[in-house]
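Structure first, commentary second.
Remember, it's 1-based here, ligands and their atoms both numbered in the order they're listed.
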Amino acid sequence: MKCVEKSELPEKRAPMNTYSLEAIGISKSYTVDERRIIVLDDITLSVPAGEFLVIEGKSGSGKSTLLSILSGLDKPDSGRIKLDAADITDLSEDELAPYRNRTTGFVFQAFHLVPSLTALENVMFPAELNNDSAAAAKAGELLKRVNLVERMNNFPHQLSGGEMQRVALCRALVNGPKIVFADEPTGNLDSSNSNAILELLGQLHKEQGSTLVLATHSREIAQMAERVLILRDGRIVDGGKKNKR
Ligand code: ADP
Ligand code: MG
């Protein structure tokens, strides 16, 4: 029997636990004061299952709009979105609900925690929607991972920005999503909190094998990804440099 050196083995991924994503010719514009603003102009991109992709661009380049459309939170004017090869473009809110809750996680820049729920309850919430009897245990486990055990019963207003973002991250991960979208998840944090969040995202991405699509204006953060797409004025101007890891 041939002995395989550990270093020869492919990087450990969980292929069943991860989704690919494809966007074909996505465009989106708004009309403001009778002026048409083109926010996304014919975006085509493909994210293989398990990849950590960063979409880098200055403020106003269209990152949040693109992430909302890729994740099904918003609809494009034209173009198609395929999640795990299934075309989700025309799905109704009701049809998208199971994707949102079970297979995709979303981390927003502005946390969006429910103020009347404790940290633990915020994290449990998506799992409870799934009638997951292990919701509390999973939420507690994740909060432990991010060193927030002692803060579990605190409400968001009792937490710092960094703590709130860690809670928001746990909430996005509690259902073991196959793909995670993160929109400037460190945008409101100081550098030590940002690093903690990014480290955690990177670790979880590796462990769970989930696909990670992260938007940022920061070059430094972009360098942590496997691949970087650069967005400028709603167009991809650099279609995928692989970072050395
Ligand atoms: P980013 O996240 O890169 O900062 P956004 O996707 O938020 O960029 O916005 C891109 C552009 O689209 C901006 O010029 C913004 O003003 C415009 N935009 C976004 N949403 C709307 C909207 N609902 N109505 C009008 N313009 C919008
Ligand atoms: Mg944005």
[Y] backbone acceptor or donor facing [X] side chain under 3.5 Å:
X    : Y    : answer
D74  : S68  : no
N175 : P126 : yes
E226 : F52  : yes

Under 4.0 Å between heavy atoms, the region of K58 that gets near ligand 1 turns out to be backbone
Between [Y] and [X], is the closest basic N to carboxylate O distance under 4.0 Å?
X    : Y    : value
R145 : E207 : yes
D87  : K82  : no
K138 : D132 : yes
E56  : R232 : no

Protein heavy atom under 4.0 Å of atom 15 (C) of ligand 1: no
Give me the nearest non-hydrogen protein atom to [atom] as residue plus atom name, then the distance to 0.1 Å.
atom                    : answer
atom 8 (O) of ligand 1  : G62 N, 3.2 Å
atom 26 (N) of ligand 1 : Y30 CD1, 3.5 Å
atom 12 (O) of ligand 1 : V39 CG2, 3.1 Å
atom 7 (O) of ligand 1  : S64 CB, 3.7 Å

With R171 as partner, the option from L143, L113, V107, L142 fulfilling side chain to side chain contact (heavy atoms under 4.5 Å, CB included) is L113
So is there a nitrogen or oxygen of [X] less than 3.5 Å from a nitrogen or oxygen in ligand 1?
X   : answer
T65 : yes
V32 : no
G60 : yes

Checking heavy-atom distances from atom 3 (O) of ligand 1 to each of K28, K63, E56, the winner is K63
* To do: For S61 and ligand 1, answer yes if some heavy atom of the residue is under 4.0 Å from a ligand atom, otherwise no.
  => yes
* Show your working on salt bridge (charged side-chain N to carboxylate O under 4.0 Å, His left out) between R80 and D90 and close with a plain yes or no. => CA-CA 9 Å; R80 315 299 307 172; D90 296 326; 2.9 Å; yes
Look at S64 and state whether any of its N, O or S atoms is less than 2.8 Å from the Mg ion (ligand 2). yes
The atoms of ligand 1 lying under 4.0 Å from a heavy atom of S59, numbered in the order shown, are 4 (O)
